[in-house]
Number of protein chains: 2
Amino acid sequence: MSRRAATIVDVAKRAGVSRTTASDALRGHGRVSEGTRVAVEQAAAELGYRPNTAARSLRAATTGTIGIHLPEAMTRIDYYLQTVYGALEQAGADEVDVTVITSRRLAGEQPPPSVDGIILLDPLADDPVAERLLALDLPIVTLERAFGEVATGVVSADHEGAIRELLDHLASRGSAAPAFLASPAVTDWGTRAQVVYSAWCREQRIQPTIVERPFGSDSAAYAEATREVLAARPQTDAFLCGPDGSAIVVADVLQDAGRVVGEDVLVAAMVDSPALAYTDPPVTAVDLAPRAAGALCVELLVRIIRGEARPDASVPLPIEVRYRASTLGR
Amino acid sequence: MSRRAATIVDVAKRAGVSRTTASDALRGHGRVSEGTRVAVEQAAAELGYRPNTAARSLRAATTGTIGIHLPEAMTRIDYYLQTVYGALEQAGADEVDVTVITSRRLAGEQPPPSVDGIILLDPLADDPVAERLLALDLPIVTLERAFGEVATGVVSADHEGAIRELLDHLASRGSAAPAFLASPAVTDWGTRAQVVYSAWCREQRIQPTIVERPFGSDSAAYAEATREVLAARPQTDAFLCGPDGSAIVVADVLQDAGRVVGEDVLVAAMVDSPALAYTDPPVTAVDLAPRAAGALCVELLVRIIRGEARPDASVPLPIEVRYRASTLGR
DNA sequence: TTGAAAGCGCTAACAT
DNA sequence: ATGTTAGCGCTTTCAA
């Protein structure tokens with residue numbers, strides 16, 4: 001566009017100083033005198049000077065950019081997109097850019113983008129993309145899953161505690177046979193949920209009822225899963241809903257089947273969303289604080305990159321159960 | 001990490017050729033012989049060579065990265081996040097990286113990230129961030145809003161047609177007094193919706209009923225807006241719901257008020273979402289195809305950057321009304 | 001307090 | 001078919 005962008009040499013020339021001085025002045029290094037600093041800044045403003053980040057990166061051998069990756073299957077799930085946005089906001093505060101790394105971007109022979117570090121959101125077990133990124137030998141922060149072989153920073157929540165809290169709550173509200181609509185054990189979160197549910201059932205001497213649907217399933221799949229449970233185990237008196245967006249469908253199917261949610265059947269979701277506070281009835285859910293999760297990941301990664309935190313540092317993510325009418329009754 | 005990353009000189013040395021030859025071999029330029037190509041590729045693989053993008057950018061005076069910006073207020077809205085993801089996917093296919101530009105990133109004195117072009121998603125009127133980005137004098141593509149002063153590529157849908165289709169449909173289903181829960185006229189979409197609704201009411205000699213809530217309002221705000229309309233105009237027999245996520249709340253409030261959605265009151269949404277197909281009843285809505293929107297923006301921007309499309313090219317986005325029980329009856 | 005020079009890694013232009 | 005040279009814009013020595 002227009003003509004060539006102004007470089008630091010142009011600025012220096014206009015201010016009548018050397019490029020070194022111009023550079024120092026613009027970055028506020030102490031060595032320049034106040035007068036020259038002002039002159040250089042004015043020259044820069046007049047020319048609309050913007051530092052060339054490529055040149056800076058080349059010189060500094062760092063990019064000022066971090067990458068964030070989430071598994072392909074998760075890109076339609078509101079929770080993860082919120083997490084990405086939380087990360088973007090924090091990145092703005094930490095003055096780093098963020099490149100979102102899609103699976104597709106790494107599928108072919110394309111080299112991975114140049115970044116100073118990488119965030120992996122709840123990486124799948126054996127995800128080839130995650131493996132490739134781990135092999136890059138860069139600072140890494142994962143949400144939830146830690147990889148044994150590589151030292152990574154980890155942000156993780158006490159999902160076990162939250163799910164147990166939900167199950168105990170269902171039991172205390174009179175449920176004797178809570179079923180679990182589960183996400184597959186391919187993410188760490190999915191795995192831990194299944195483990196906790198099974199353990200809890202064992203402790204309570206309750207027969208577990210698990211029905212599983214892949215990540216990214218559509219509403220119809222969850223509806224069908226619900227009907228499947230109702231047919232197989234009619235005595236089911238509560239549903240623990242794993243997948244984001246599934247609770248609303250489960251509640252709908254139950255109501256169509258003549259059950260009264262919150263009264264003769266309870267529904268609790270493992271992933272809260274704004275909609276769940278306004279369904280009829282509102283649905284009890286775990287607020288996974290996705291924005292905070294993303295922000296914490298960035299904060300930790302930036303500290304690792306800057307050498308202010310150990311590469312295997314670990315940060316807790318506070319999460320909380322929101323109790324609503326679907327388990328409390330009307 | 002580990003030791004210094006391999007450069008092209010290391011590769012060249014190992015393959016016993018000059019760096020130019022190594023460079024040409026790796027990028028498949030015809031000048032190298034098959035034998036050397038193989039040798040260079042093997043050397044690169046052995047060293048785990050990855051081209052330094054900063055150096056490439058500096059040399060080529062392009063970054064291989066595009067920026068995408070959406071207004072701060074929109075970052076909690078599923079529709080926009082889906083759009084961003086549609087863009088990311090297409091970017092993967094076009095082999096460009098994407099940096100998401102948050103408002104915060106540009107709020108302070110930080111220089112804008114270096115990119116080859118920018119996508120502005122439904123920019124707000126007088127958004128200072130958008131203004132700054134427009135002033136960068138880079139190729140730009142906007143979703144919906146065209147700016148008079150600057151030549152930008154534009155991706156836009158026939159919202160007027162879709163909204164008229166909805167309103168005609170409501171009328172044909174017997175509505176004589178449809179109310180409009182509107183988004184503010186700060187986005188192009190919001191503005192056009194209000195204009196169309198008003199025009200349609202005038203043509204039909206129907207008194208318009210508009211209640212407006214800011215972008216990013218929570219469910220409670222939509223609930224209150226609904227009650228406000230019911231109180232002010234009890235004869236209201238249909239709701240056109242603008243904000244993403246509002247229809248589910250409106251339907252809920254109506255049902256609490258003893259109305260039967262789909263029978264004695266109709267509900268239609270201007271923004272479809274997966275949940276709307278599974279509420280009770282399912283809600284008629286306009287499928288705005290956010291993924292496609294994002295993808296089209298990237299595709300157009302990349303063509304403009306490559307000089308394959310005019311900088312003010314315009315691309316239509318197909319959208320479609322999904323008819324469901326909230327207006328069709330049970 | 002300031003300047004000159006070197007070099008980050010890469011590729012296009014110009015030899016050979 | 002391959003090699004040599006120059007230079008993209010910046011910052012960091014080193015010297016004055």
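Residue numbers begin at 1 in each chain, while the letters A, B, ... track the order of the sequences.
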Self-check item: Short side-chain N/O contact from R56(A) to OP1 or OP2 of dT12(D), under 4.0 Å
Solution: no
Practice problem: Mind running a 4.0 Å heavy-atom check of residues 37-45 of chain B against DNA chain D and sending the residues that fall below it, in number order? | Solution: none
Quiz prompt | Distance-only donor-acceptor test (3.5 Å): side chain R31(A), base dG3(C) | solution = yes
Exercise. With the side chain of L58(B) defined as its heavy atoms from C-beta on, choose the nearest nucleotide among dC10(C), dG9(D), dG3(C).
Key: dG9(D)
Self-check item: Check: D116(B) side chain, G64(B) main-chain N or O, donor-acceptor pair, under 3.5 Å
Solution: yes
Practice problem: Please determine, for the side chain of S18(B), which listed nucleotide (dC10(C), dT2(C), dT4(D)) has the closest atom? | Solution: dT4(D)
Practice problem: Kindly say whether V32(B) contributes a backbone atom to a donor-acceptor pair with the side chain of T36(B) at under 3.5 angstrom? | Solution: no
Self-check item: Most 5' of V32(B) and R19(B) on DNA chain D, judged by nearest nucleotide
Solution: V32(B)
Practice problem: Please test R27(B) against S23(B) for side chain to side chain donor-acceptor pair (under 3.5 Å), starting from the C-alpha separation and ending with a verdict. | Solution: CA-CA 6 Å; R27(B) 284 171 308 140; S23(B) 173; 2.9 Å; yes
Practice problem: Answer yes or no: is there a donor N or O on one side and an acceptor on the other, between the side chain of T191(A) and the main chain of A185(A), under 3.5 Å? | Solution: yes
Practice problem: May I ask you to evaluate whether T20(B) reaches the phosphate of dA12(C), defined as a side-chain N or O under 4.0 Å from OP1 or OP2? | Solution: no
Kindly list each side-chain donor-acceptor pair under 3.5 angstrom involving residues 85-92 of chain B, sequence neighbours excluded, with atom names and distances?
| from | atom 1 | to | atom 2 | distance (Å) |
| --- | --- | --- | --- | --- |
| E89(B) | OE2 | R291(B) | NH1 | 3.0 |
| Q90(B) | NE2 | D94(B) | OD2 | 3.3 |

Donor-acceptor pairs are to be reported for all side-chain atoms of residues 118-131 of chain A against protein atoms at under 3.5 Å, with residues two or more places apart or in another chain.
| from | atom 1 | to | atom 2 | distance (Å) |
| --- | --- | --- | --- | --- |
| D122(A) | OD2 | Y80(A) | OH | 3.0 |
| D127(A) | OD1 | V129(A) | N | 2.9 |

Quiz prompt | E144(A) (side chain) donor-acceptor with T187(A) (main chain) under 3.5 angstrom | solution = no
Quiz item: Is any side-chain nitrogen or oxygen of S33(A) closer than 4.0 Å to OP1 or OP2 of dT2(C)?
Solution: yes
Quiz item: In whole angstroms, how far is the P atom of dG3(D) from the NE2 atom of H29(B)?
Solution: 17 Å
Self-check item: Distance below 4.0 Å between T7(B) side-chain N/O and dG9(C) OP1 or OP2
Solution: no
Quiz item: Per the atom types in the model, does the base of dA1(D) pair as donor or acceptor with the side chain of T21(B) at under 3.5 Å?
Solution: no
Quiz item: Reckon S57(B) touches a base, only the sugar-phosphate, or nothing at all at heavy-atom distances under 4.0 Å?
Solution: nothing
